Amino acid sequence: MVHLYNLHPFGSQQVVPCKLEPEQFCGGGCDALFVAAGCKVEAFAVTGQELCQPRCAFSTLGRVLRMAYSEAGDYLVAIEEKNKAMFLRAYVNWRSKRAENSRVCIRMIGHNVEAPFRESFKDQMSIVEMPLSEAPLCISCCPVKGDLLVGCTNKLVLFSLTYQVINEEFSMLDFERSLIIHVDNITPVEISFCVGYVAVMSDLEVLILKLESDSKNRERVNHQPYKTSNPVKQTNEDFSNETSQIESDDFVICQKPMELLGEKSEQCGISVTLESTGLADEKIKYFHIRHLLYRRFTPDISFYVSSDDIRFHSLQLLPIYQTGSLTSDEKNSPQGKELLSLFCFFSLPHMGYLYMVVKSVELISVYQYPEKSQQAVLTPQFLHVITRNNLQCFTVRCSAAAAREEDPYMDTTLKACPPVSMDVCALRIQLFIGLKAICHFKNHVVLLTKADPEAIPDRRESPRRFLSRKDTSVKIKPPVAEAGWSLYIVNTISPVQLYKEMVDYSNTYKTVKTQSCIHLLSEAHLLVRAALMDTCQLQPGEKAELLEAFKESCGHLGDCYSRLDTQHSHLALPYYKMSGLSLAEVLTRVDWAAEYESQKYERGLIFYINHSLCENLDEELSEELAAKVVQMFHVAEPKQLPHILCSPSVKNVNPLTALSCLRKLDTRGLSSVLVTLTKAALALKMGDLDMHRSEMKSHSEMKLVCGFILEPRLLIQQRKRQIVPTELAVHLKETQPGLLVAAVLGLQKNNKIGIEEADSFFKVLCGKDEDTIPQLLVDFWEAQLVACLPDVVLQELCYKLISQYTWRLSKRQLPDTTPLRTSEDLINACSHYGLIYPWVHVLISSDSLANKNYTEDLSKLQSLICGPSFDIASIVPFLEPLSEDTVAGLSVHVLCRTRLKEYEQCIDTLLERCPEAVIPYANHELKEENRTLWWKKLLPELCQRIKCGGEKYQFYLSSLKETLSVVAVDLELRDFLNVLPEDGTAAFFLPYLLYCSQKKSLT
């Protein structure tokens, strides 16, 4: 379906002052127009809205039959006829042609300039002869690289654009024949070439190929052409041989229509092979062919009028380049850009087809013309079609398809674009009498008109002639000078101006709320988007104007989707985001009077506001707008009302109004605890502490935690990407810190808040800087450990807690608040906190610690070290601030060494610092494989220290007696005698010897 509007895409027009009737014409970059008549080419300067002026003229060597211009290399190439022979020539450095009779250099391709370079040489035009073994039929220049593709009977010849370096200041443009593509069973009528993509068109067939440079497939390139066996081709040839016997003037044999995409197009029956042209292998650009598309049509013979009714025309490949962000200031030429997407257009007299052919081959648009077309040109923004008496302008979907290729966030809640499948529309059908040909460059449409009746066709053969691939004859009718012709340049108006007209036009549909409003605004959006993607065509300052129009169009589409009841109402969100409008600005565009009257709010508007308020917007609505939003959700989405009230954007709403709406809610299907917490927060905001306490007591602490999980913004909000505790969180810190810690822990376990965010929340809540750790955060870390989080988080928590315990012990710093859990609570609740070894209590009993909280930190640290979950070696560096000069430090370091199985060092330390703890230590640690340390380490050390005497003599003596009792039990009498000191007093050791000798009889 094609929508028809009566817009004005065409602006001023002017007549090109040609001297002879044009036979061929084409655009010359952004500022020139070439017109060929007979053996002469005229170049005209075309700049903006100024009148077209002759620029230069030059004679060709033959009559121009086809002509094309390449912006890459700035050259003109032509197929010329002279003495019934066809020639291919390129006209280089044409801008230096000052006068028609000025000197011209004629050379063959690849000819090396051996003569010394003269200054005058670079100021003269060159004609480059490109010899071919067969007559050229059609030509195409690559818009990116400037390479030239020439179509001949059953083959295509590729000439690569090269440069001969003359000196440091001048390089001469040249060509190099690099590849021959043999295409059997089809005669090209038109071809198109773009960065390795080749489109070939015959009367009723279109074939699209991709030349690929994958070196892994080098064997596919021959230095001599070869033929591949193709079963489909063989079938077609057999069919042709059989039907030729019965074919006569009374019968027409038609092959069935066919569309083959991707790899299936290899089954089309057309053999395609590559032949290199003797170049060195390292210079070969393309190594193999990939088939992309084959399409064949069959004419409806019942409506056959003339031979031209069954011909394709206007084959074109249109590249779209990578632009990056639409808001970037880059302006590159096509040669400096990366190809983003490629589109192929071709047309029948009454229908046109537009395909996307880069990453996937897909038919994206079909154009149905109201009357028979003669020619068409495709641009990124429009499709211009000429019929006998009309210039038609259609919209295209190239920018919509390219936008989805370029931006991975397209079609999400962040960005949107009108769909590629949206119906195309005709913006204008402009009357032009006797249209014959059309071309386009920049923002100019060039039209050739002839008011006289059309000449009678020169050919009157049977229609079957146009249904055969094997018709290779091309009959050219000699030119006949006729009066009544004109060559016009029609300027398309600026995209912004046309966009504004389309927006004004769409206003006629707004009151009736139809899809036509969305369709026309979508067309306006795509028009601006296409202009922004075609940056090389923009005038200075035009991009800023286009960006403003782009944002405005997004706002208009957001308005449509937010107010019209459509299945795509969710698109209001991304369009409003792309518009740059704030939430308040969007709300001011709403007709609140109509909404209140109907008491019906459209889904798109609710969807947008709901998502916007769920995000962390740094925007506060006025009291009036906030009240309107609350009223809207109270009526349309009551389940979302508690969430809406928790948004920082509606903080200015009157608490009485909000409470009134909450009290009217039917809690069936709602979370009653969430409503309760919202009421409690509002009561606190009003200063009604009694109501706040009453609401908080109506549910258990576990249910309250579940409520906070449903809506984290009751506790934590973000403003300008900074964590901000709510008033309720501040109040809970003072009154119910345990609930607060449990709630934040619940948020973390349910992925509602990250680890770093939670840490920052407690620091901000307690008014501490980044380097200071409040006790409430330590309580949170301990709660995390109790909650048994994953191992990766477990080690990090261990390091955090040990660092904090160690820092406070080393500084004798007391917690700023009373800890929520004691060490005993943690040991009972968490397996990561182990039972403290008995000898540790003996060790620390020798030191009277003044503060209980200081003792708690030490006990928690000792318990973590005694626990089974942590790698002790990784903990040791965190304990360095804790000195062994204190009993607390001593106990911690001895514990670590014990866990590292450094028992002998621990025994030495304890004998030196706290001998009364030696025996409890030995009883607990020196077991099983370490049992031998009783007599190998502890007994000799005690004997040695007793000999030395000193103030700790009695402790050593008592310990020695305990040690001898243990050794006497474990060793045999002979072994026991061997470990006793030789200079010891016999009377002292005799009781232990007697016990050792009698223990067998006792047992």
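This one's a predicted model, so the numbers in the text were calculated from it and none came from an experiment. Note that these values count all heavy atoms, side chains included, but never hydrogens, waters or copies made by symmetry.
- Of the possible polar contacts, one joining the Asp407 side chain to the Tyr409 backbone as a donor-acceptor pair under 3.5 Å is found.
- Between the side chains of Gln567 and Arg603, no donor-acceptor pair is found at a separation under 3.5 Å.
- The shortest distance between side-chain heavy atoms of Met696 and Leu677 falls below 4.5 Å.
- Of the possible polar contacts, one joining the Ser810 side chain to the Trp807 backbone as a donor-acceptor pair under 3.5 Å is found.
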Give the intermediate values and the outcome of side chain to side chain donor-acceptor pair (under 3.5 Å) for residues Tyr837 and Thr898. CA-CA 11 Å; Tyr837 300 158; Thr898 300; over 6 Å; no
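- Within 6.0 Å of the NZ atom in Lys415, the count of heavy atoms belonging to other residues, nucleotides or ligands does not exceed 12.
- In terms of heavy-atom proximity, Leu890 sits nearest to Leu843 at CD2-CD1, 3.8 Å.
- Side chain of Ser579 to backbone of Tyr576: a donor-acceptor contact under 3.5 angstrom is found.
- Proximity of Leu861 to Leu882: side-chain heavy atoms (C-beta onward) are separated by under 4.5 Å at one or more points.
- Between Tyr608 and Ser612 there is a side-chain heavy-atom pair separated by less than 4.5 Å.
- The two residues His525 and Ala416 come nearest to each other via the heavy atoms NE2-O, 4.5 Å.
- Surrounding CD of Glu824 are at most 12 heavy atoms belonging to other residues, nucleotides or ligands under 6.0 Å away.
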Let me see the working for Asp779 and Arg821 under salt bridge (Lys or Arg N to Asp or Glu O under 4.0 Å), right down to the final yes or no. CA-CA 7 Å; Asp779 292 330; Arg821 294 174 185 260; over 6 Å; no
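- Gly555 approaches Leu581 most closely through the heavy-atom pair CA-CD1, 4.2 Å.
- Around NZ of Lys752, the count of heavy atoms belonging to other residues, nucleotides or ligands within 6.0 Å exceeds 12.
- Side-chain contact, Tyr833 with Asn828: no donor N or O sits under 3.5 Å from an acceptor N or O.
- Of the N and O atoms on the side chains of Tyr575 and Ser553, not one donor lies less than 3.5 Å from an acceptor on the other residue.
- Once rounded to the nearest 0.5 Å, the distance linking NZ of Lys664 with CG of Leu641 reads 11.0 Å.
- How far CG of Leu785 is from CG of Leu797: 6.0 Å, rounded to the nearest 0.5 Å.
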Assess whether side chain to side chain contact (heavy atoms under 4.5 Å, CB included) is satisfied between Leu605 and Met632, documenting all intermediate values. CA-CA 10 Å; Leu605 182 61; Met632 172 192 292; 3.6 Å; yes
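- Contact check for Cys896 versus Leu879: side-chain heavy atoms found under the 4.5 Å cut-off.
- Donor-acceptor pairing under 3.5 Å is lacking for the side chains of Glu701 and Gln736.
- Between Lys720 and Asp618 no salt bridge is recorded (no basic side-chain N to carboxylate O distance below 4.0 Å).
- Inspection of the Asp559 and Ser562 side chains reveals no N or O donor paired with an N or O acceptor under 3.5 Å.
- In this structure, the separation between CD1 on Ile802 and OH on Tyr805 is 9.0 Å, given to the nearest 0.5 Å.
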Return a table of donor-acceptor pairs under 3.5 angstrom between the side chains of residues 651-660 and protein atoms on other chains or two or more places apart.
residue: Asn652; atom: ND2; partner: Leu621; partner atom: O; Å: 2.9
residue: Asn654; atom: OD1; partner: Leu656; partner atom: N; Å: 2.9

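- Between the Thr726 side chain and the Leu714 main chain, a donor and an acceptor come within less than 3.5 Å of each other.
- For the atom pair CG of Leu747 and CD of Glu711, the computed distance is 10.0 Å after rounding to the nearest 0.5 Å.
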I'd like to know whether Val892 forms a side chain to side chain contact (heavy atoms under 4.5 Å, CB included) with Leu858, so could you lay out the CA-CA distance, the side-chain angles of the two residues, the decisive distance to 0.1 Å, and finally the verdict. CA-CA 8 Å; Val892 169; Leu858 179 60; 3.9 Å; yes
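- Considering every non-hydrogen atom in both Arg589 and His556, the closest pair reads NH2-N, 4.0 Å.
- Ion pair Lys763/Glu757 not flagged as a salt bridge, since none of the NZ, NE, NH1 or NH2 atoms sits closer than 4.0 Å to an Asp/Glu carboxylate oxygen.
- A donor atom on one side chain and an acceptor atom on the other are found under 3.5 Å apart for Ser874 and Tyr799.
- Between the CG atom in Leu765 and the OG atom in Ser760 there is a gap of 12.0 Å [rounded to 0.5 Å].
- Considering only heavy atoms from C-beta on, His832 comes within 4.5 Å of Phe870 through its side chain.
- A donor-acceptor pair under 3.5 Å is formed between the side chain of Ser845 and the backbone N or O of Val842.
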Apply side chain to side chain contact (heavy atoms under 4.5 Å, CB included) to Ile716 and Val724, showing your working. CA-CA 6 Å; Ile716 304 170; Val724 179; over 6 Å; no
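- Atom CD of Gln784 sits about 10.0 Å away from atom CD of Glu796, to the nearest 0.5 Å.
- Between the Ser823 side chain and the Glu856 main chain, no donor and acceptor come within less than 3.5 Å of each other.
- Cys417 and Arg404 get closest at one heavy-atom pair: O-NH2, 2.6 Å.
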Glu782 and Lys860: CA distance, side-chain angles, deciding distance, salt bridge (Lys or Arg N to Asp or Glu O under 4.0 Å) verdict: CA-CA 10 Å; Glu782 292 172 349; Lys860 291 175 182 178; 3.2 Å; yes
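- A salt bridge links Asp759 to Lys800: one of the charged nitrogens lies within less than 4.0 Å of a carboxylate oxygen.
- Note: His570 and His611 fail the aromatic proximity criterion, with ring centroids not under 6.0 Å apart.
- Of the possible polar contacts, one joining the Thr676 side chain to the Ser672 backbone as a donor-acceptor pair under 3.5 Å is found.
- Checked by atom type and distance alone, the side chain of Asn610 never pairs as donor or acceptor with a backbone atom of Ile606 at under 3.5 Å.
- Gln748 places no side-chain N or O within 3.5 Å of a backbone atom of Ala758 that could act as its donor or acceptor partner.
- Judged by distance alone, the side chain of Arg713 and the main-chain N or O of His643 form a donor-acceptor pair under 3.5 Å.
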Checking side chain to side chain contact (heavy atoms under 4.5 Å, CB included) for the pair Thr855/Ser859: CA distance, chi angles, key distance, verdict? CA-CA 6 Å; Thr855 308; Ser859 297; 4.2 Å; yes
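- Side chains of Leu662 and Leu645 form a contact here, defined as non-hydrogen atoms less than 4.5 Å apart.
- Sparse packing is recorded around CD of Glu548, with 12 or fewer heavy atoms of other residues, nucleotides or ligands lying under 6.0 Å away.
- Between the side chains of Gln804 and Trp781, no donor-acceptor pair of N or O atoms lies under 3.5 Å.
- Contact annotation: the side chain of Lys768 never approaches that of Phe762 to less than 4.5 Å [non-hydrogen atoms, C-beta and beyond].
- A pairwise comparison of heavy atoms in Thr588 and Glu585 identifies OG1-O, 2.6 Å as the closest pair.
- Between Val630 and Cys661 the shortest side-chain heavy-atom distance falls below 4.5 Å.
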